[in-house]
Amino acid sequence: MNLNATLIGQAISFAIFVWFCMKFVWPPVITALEERKKKIADGLEAANRASRDLELAQENAMKTLRESKEQAADIIEQANKRANQIIDEAKEQALADGQRLRDAAKSEIEQDVVRAKEALRAQVSSLAVIGAEKILGASVDEKAHSELVNKLAEEL
Amino acid sequence: MASENPTASEYIKHHLQNLTFGQHPDGSWGIAETSQQAADMGFWAIHLDTMGFSIGLGILFLWLFRMGAKRATADTPSGILNFVEMMVEFVDSSVKESFHGKNKVIAPLALTIFVWIFLMNLMDLIPVDFVPRIAHDIFGLEYFKIVPTTDINATLGMSLSVFFLIIFYSISVKGFGGFIKELTLQPFNTPIMIPFNFVLEMVGLLAKPVSLALRLFGNLYAGELIFILIAILPWFAQWALSVPWAIFHILVITLQAFIFMMLTIVYLSMAHEDH
């Protein structure tokens, strides 16, 4: 273990190795490491953001779904209401129509009755005239007595 | 081997001797054949095995990590990049924990220290006779020590580099005056105590590289020595001790690399702090 010039040789080679390491080994590796660190951090952040977005989207979808369900329920309710209304209206219409028809029939019947009565009356008056003629044995001047007969017929 | 049937002490000494290249006292250049020759070469000699293995492992480290760095991408990492990223993140978090200033050098420095020292320490787990035997039988090299961190030169070389960085940043952050103030006006802020403070702080400052180097060296040297001692046992009994020691040593080599790195970060962070 003599101290000799190996000492200097070692120091020189040591210096050269350190220089080489500093120049060609350390920078590329440490740069790559930093870059990767950044990349991973970015990736993690993106993943976080994506999961937040997903949550938001899910919430939105749920909201939309709920709203559309509500809308559908509303529409159905309205439709039901409208249907009931239509039925009610139809019922009323039908009732009104029936009433009208009945009224029309009634008035027609009444008219018929009146007409029949008129006809009968006319016949009755002529029958009365004929009857009177027969009873009186003479002809009755229809013209002269028509007023009387008519009054009679009206009284019937 | 020094002799065909070495004694235990010869064997140990042989394994603790580096392959030294330098100038012999007689003026000729060459590889030392004995430890005495190596010692005689003085300061201007070089340990070929330490240099070769440490540079080889340093290049292995840089090649491996450069391959990962080339593939660096912010997309899904694969293969070698996973490993490189793991190491880089580990070092980066360690640096961020204890160093709060802004400095582009600290993190790559820490990474280099950790991986390089770990790889050099890892050589300790290769059976002690394996590589020296190959070196001896194939290349005819007398000595071959493959764990660079068991050579005080390697650890001191690194810790002195760190020491210069400490001084450099101390001066560049606090200014020369600030650095001197830090050395002289602490812990007792009175003019009378300046010499005392200076001695105290100087010891503290110099203890940093020395402790850094000796801690790593001591741990690995001791570990290596125990492997060598185990290797003296009869061949059929070695596994009973070498396996547990090797498993325990996995912890030691990682821990020592980590300690060297952490202390470097802490020392440099202290150098950046203004009192």
Side-chain angles (χ1 to χ4, degrees), chain A residues 1-70, chain B residues 16-18 20 22 35 38-39 41-48 50-51 54-55 58-59 61-62 65-66 68-77 81 84-85 87-89 91-92 104-105 107-109 111-113 115-116 148 150-158 160-162 164 217 221:
Chain A
M1 45 172 285
N2 319 310
L3 274 179
N4 57 27
T6 312
L7 184 76
I8 297 163
Q10 283 289 321
I12 292 168
S13 42
F14 180 52
I16 293 170
F17 291 153
V18 171
W19 170 80
F20 187 91
C21 183
M22 198 175 88
K23 209 80 186 162
F24 300 109
V25 174
W26 192 264
V29 176
I30 207 80
T31 315
L33 282 176
E34 292 295 327
E35 259 173 51
R36 182 168 327 131
K37 222 182 259 172
K38 199 172 162 291
K39 231 171 148 182
I40 290 169
D42 287 352
L44 284 176
E45 205 193 324
N48 269 340
R49 213 170 34 234
S51 75
R52 256 205 316 278
D53 284 356
L54 180 66
E55 222 169 84
L56 215 70
Q58 268 174 347
E59 222 168 78
N60 268 342
M62 290 288 279
K63 212 168 115 190
T64 314
L65 196 66
R66 212 167 41 237
E67 274 172 9
S68 48
K69 265 185 185 163
E70 272 169 19
Chain B
L16 293 178
Q17 177 58 45
N18 281 101
T20 315
S35 41
M41 283 173 178
F43 184 78
W44 293 108
I46 198 157
H47 291 159
L48 294 179
T50 300
M51 286 306 291
S54 62
I55 290 174
I59 288 169
F61 148 64
L62 289 175
F65 275 63
R66 178 67 191 150
K70 268 187 187 164
R71 289 198 204 169
T73 155
D75 296 323
T76 318
L81 182 58
V84 170
E85 274 181 7
M87 296 306 298
V88 167
E89 274 206 303
V91 171
D92 194 44
K104 276 186 188 167
V105 183
L109 174 77
L111 179 71
T112 310
I113 287 175
V115 182
W116 195 30
T150 58
D151 182 352
I152 186 82
N153 291 299
T155 59
L156 204 57
M158 278 189 288
L160 283 179
S161 308
V162 171
F164 286 127
F217 165 72
Y221 190 79

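Keep in mind it's a predicted model, so treat the numbers as computed, not measured. We name chains A, B, ... by the order of the sequence lines, and we start the count at 1 in each one.
- A:K39 meets the side-chain hydrogen bond (donor to acceptor under 3.5 Å, both in side chains) test with B:D75; sequence neighbours excluded.
- B:I59 touches chain A through backbone and side chain together, each having a heavy atom under 4.5 Å away.
- In this structure, the separation between NZ on B:K104 and CD1 on A:I30 is 13.0 Å, given to the nearest 0.5 Å.
- Contacts from residues 14-26 of chain A to chain B, taken as heavy-atom pairs separated by less than 4.5 Å, involve A:F14, A:F17, A:V18, A:F20, A:C21, A:M22, A:F24, A:V25, A:W26 in sequence order.
- Closest non-hydrogen pair, B:G157 versus A:A11, comes out as O-CB, 3.7 Å.
- The part of A:I8 that comes within reach of chain B is its side chain, from C-beta onward, which places non-hydrogen atoms under 4.5 angstrom from that chain.
- When the options B:E85, B:R71, B:E89 are evaluated for a side-chain contact (heavy atoms from CB on, under 4.5 Å) with A:V29, the one that passes is B:E85.
- Interface summary for chain A: among B:A39, B:A107, B:G42, the most heavy-atom pairs under 4.5 angstrom belong to B:A107.
- When all heavy atoms of A:R36 and B:A74 are compared, the pair lying nearest together is NE-O, 3.3 Å.
- To the nearest 0.5 Å, atoms CD1 (B:I152) and CG (A:L3) are separated by 6.5 Å.
- For a residue to count as touching a neighbouring chain, one of its non-hydrogen atoms must lie under 4.5 Å from one of that chain's; by this rule B:S35 does not touch chain A.
- Qualifying side-chain hydrogen bond (donor to acceptor under 3.5 Å, both in side chains) partners for B:S54, counting only residues two or more places apart in sequence or in other chains: A:Q10.
- Using a 4.5 Å cut-off between heavy atoms, B:L160 contacts chain A through its side chain alone, with no backbone atom that close.
- Shown here for A:A32 and B:A72, the closest heavy-atom pair between the two residues is CB-CB, 3.8 Å.
- A distance of 8.0 Å separates CG of B:L81 from CG of A:L33, quoted to the nearest 0.5 Å.
- Residue B:P148 does not touch chain A at all, counting heavy-atom pairs closer than 4.5 Å.
- Ranked by non-hydrogen atom pairs under 4.5 Å with chain A, the options B:S161, B:A154, B:A45, B:A69 are led by B:A45.
- Of the atoms belonging to B:F164, not a single heavy atom falls under 4.5 Å from chain A.
- For B:T112, there are no side-chain hydrogen bond (donor to acceptor under 3.5 Å, both in side chains) partners at least two apart in sequence or on another chain.
- For chain A, the option among B:V105, B:L48, B:T50, B:L62 with the highest count of heavy-atom pairs below 4.5 Å is B:L62.
- Between the side chain of A:T6 and the backbone N or O of B:N153, no donor-acceptor pair lies under 3.5 Å.
- Per-residue heavy-atom pair counts under 4.5 Å with chain A were compared for B:M41, B:K70, B:M51, and the maximum is reached by B:M51.
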